[in-house]
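Sequence positions, counted from 1, serve as the residue numbers for this chain. Note that the structure is a prediction, hence the values are computed from the model and not measured.
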Amino acid sequence: MAQLSLFLVVLFALIVPIIMARLKVTAIPTAVAEIIIGIILGASGFNFVQPTHDLNFLSSLGVILLLFLSGMEIDFELLKPGKKKSDQQVDPLKTAISAFIGVTVLSVCLALVLKMLGLFSDVMLATIIFMTVALGVVIATLKEKDILGRPVGQTILLTAVLGEVIPLILLTGYAAINGGNTRQLWLIILLFGAAILLLWRFKQPYLWFAKVTKSTTQLDVRLAFFLIFALVTVAEKVGVENILGAFLAGIVMKLLEPSHETADKLTSIGYGFFIPIFFIMTGVKLNLRSLFAHPNSLILLPILVVFLLLAKLPVALIFMKKFGSRNGLAGGFLTATTITIVLPALEVARKLNVISRLQSDVFILAAVIVCILCPILFNALFKLQPEDRIKEEVVIMGTNALTVPIMHDLHDNWYSVKMYTTSSEHYDIYKSRVPNLTLLPHLEEADLDQAGAFSGNIFVAALRSDETNLRLGEQAKARGKFKRIIICQKRADIAKVNELRQNGMEVYDLSNVTSSLLRALIESPGVYSVLTDTKNAVYSVVVRNMKYSGRELMDWDLAKDITVSRIRRGQKWLVPHGHTVIEVGDELIFSAKYEAADRVRRIVGKK
């Protein structure tokens, strides 16, 4: 039976997202669907799955990795004071803190109301539960909406982080007070001290690991798991919930500035296997049969559902001022989801005998109902704004006749551009035409770092000096933050170009590009027209949406609007046909009108 339970959980972890993709179910996050499947498979449904030792162990690893990856999702650039956050000057951290203060005050009031009504007497436990936010569900929902890196997404994320970390710390105090171990409260400082020590000691080793790592060693991944288990072990030894240690490990890993490849590998391990098991087992362990056998306990259920929603009312009110009524209300609903901290909080309370099993099940059922309802309401209400759909931040060094027109031609829906110039004359000329232009008379590393020049997704060095462009490109590469680095050269040496490409940098050879365009105009006027046409341009997209994977190109509902000319799969280029089966990771080179290209990149490129 134990082996069958494990098989069924792993099987449904695989087929749930496939079924959702086939049925085009987008309103419910995958995590919530997995909880529902767990309820059907567990004691509340057909009882096919039992919470065996192996499944409990894998589920524990799942929640640990969930909190670890949650810590890695925080964009610390948004926490720096004085930095422009968006066109509307939204400060995600300040907004999140203001919202959570309101949540805290209202949670205490609602907990007191429960006590006055005689429905639940433990004010501190109720307050902790009302304050919590299901960070994992929030992240999964934001990822599926593709707004996790945008100001609205980061504001919701930071609010959820506060709704996870603060209740975790309060839960530690709650357990110590009710367990008679108040003297151990100060030991929580040791956990944060251990996190700081690991960050300090592993900064340089990690940079070395990233350089020497191989497919057979994966030292970066091994270090990540060492951090997880080191801080989880310290947390357990000092009497703190292990998930707080896992969350701090994620923050440490983020501050080590891992490469995109490392982050992708860790995300694949977590969301590819362990985290779905945690969500499914959450549903499996919920016993609705026992709960419905005691109708008196169900009186508390609708009140808890309403109170869990009311507790996040301050979030909705503050978000509505920042992001508009519709998206603000949607953000308030999403932060009302609560399940991750509720489970360990109720487990601690049961061990301390301050809550009955039936009361615990009522709280869990209320949390599950809210967890199902709120993401659906969020997906129904939230509407992408132009600023929310910006996919990548481009940093361009140099203002000239080449870069300024490019800045204006890059589509606002896809890119946010920051430009830097060393010339005060150019600054005076272009500052009225370039919204985000910074003057840097001296290109010292400290000045570049302070101005945010090494923070973004794509780095373009396009100054007059080839040597300066090379130096800046190498400095940007050393930071490890950019997905792409483009270096402009007036006359590029072939050997140097090959060396740069081997190091992951791209070279834009001005002389070669100019002669290639002229040759195209002479030899293939049609090709030249495609390259220079502003209405039907050439675009590319990397396939990430599972819905379009494993299907022939002719079966795509978007195929009629685009013309695919080449497909890059790994290091190979394929000539596409209607029967070509597309795989995840394929890069499609296609031509289309901007509106169609925008839709293709938004849908096909979404994870």
Side-chain angles (χ1 to χ4, degrees), residues 11-30 33 140 143-147 260 264 267-268 271-272 276 379 383-384 386 388-392 409-415 483-484 506 516 520 523-607:
L11 172 64
F12 278 92
L14 169 66
I15 66 176
V16 165
I18 296 175
I19 293 173
M20 294 180 68
R22 287 297 182 186
L23 298 178
K24 298 181 180 180
V25 178
T26 58
I28 302 176
T30 306
K143 277 180 174 289
E144 291 180 7
K145 207 70 173 179
D146 202 19
I147 57 169
H260 291 283
D264 286 342
T267 300
S268 299
Y271 285 98
N379 285 325
K383 184 177 180 181
L384 285 171
D388 296 327
R389 294 171 57 189
I390 294 172
K391 294 295 187 293
E392 294 179 303
D409 288 341
L410 288 173
H411 295 297
D412 292 340
N413 282 5
W414 298 348
Y415 302 101
K483 290 193 294 185
R484 297 178 61 198
E506 303 167 60
S516 297
E523 297 179 349
S524 308
V527 174
Y528 180 84
S529 298
V530 170
L531 293 175
T532 56
D533 189 353
T534 58
K535 294 183 179 180
N536 293 275
V538 178
Y539 303 96
S540 71
V541 63
V542 176
V543 179
R544 296 189 178 92
N545 192 335
M546 293 294 295
K547 174 183 174 182
Y548 293 89
S549 173
R551 297 173 58 186
E552 294 182 350
L553 186 59
M554 58 188 272
D555 292 334
W556 279 22
D557 53 351
L558 301 169
K560 64 181 183 298
D561 299 322
I562 64 176
T563 301
V564 180
S565 56
R566 285 290 186 273
I567 300 174
R568 184 167 68 177
R569 181 172 295 166
Q571 300 299 320
K572 296 181 179 179
W573 286 98
L574 308 179
V575 178
H577 303 283
H579 296 287
T580 302
V581 177
I582 305 300
E583 299 177 2
V584 170
D586 286 354
E587 181 181 4
L588 274 59
I589 310 299
F590 66 95
S591 58
K593 293 183 178 180
Y594 163 67
E595 293 79 7
D598 182 49
R599 187 168 62 257
V600 169
R601 292 186 58 153
R602 176 162 41 89
I603 297 174
V604 177
K606 182 181 73 172
K607 289 185 179 180

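The CZ atom of Phe590 sits 9.5 Å away from atom CG of Leu558, with the distance rounded to the nearest 0.5 Å. Ile19 contributes atom CD1, which lies 7.0 Å from atom CG of Leu23 (distance to the nearest 0.5 angstrom).
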Take Val543 and Leu588 through the test side-chain contact (heavy atoms from CB on, under 4.5 Å) and record every step on the way to the result.
CA-CA 8 Å; Val543 179; Leu588 274 59; 3.7 Å; yes
Which side-chain N or O atoms in residues 575-586 pair as donor and acceptor under 3.5 Å with protein atoms at least two apart or in another chain?
from   : atom 1 : to     : atom 2 : distance (Å)
His579 : ND1    : Glu552 : OE1    : 3.2
Thr580 : OG1    : His577 : N      : 2.8
Thr580 : OG1    : His577 : O      : 3.1
Asp586 : OD1    : Arg569 : NE     : 3.0
Asp586 : OD2    : Arg569 : NE     : 3.3
Asp586 : OD2    : Arg569 : NH2    : 2.7
Asp586 : OD2    : Glu583 : N      : 2.9

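Arg568 pairs by the side chain to side chain donor-acceptor pair (under 3.5 Å) definition with Glu587, not counting sequence neighbours.
Minimum interatomic distance between Ala33 and Met20 (heavy atoms only, all atoms of both residues): CB-SD, 3.6 Å. Listed here is the closest heavy atom pair of Ala592 and Ala597: CB-N, 4.3 Å.
Within the structure, every pair that satisfies the ring pair (Phe, Tyr, Trp, His ring centres under 6.0 Å) test and touches residues 540-564, not counting sequence neighbours, is listed here: Tyr548-Trp556.
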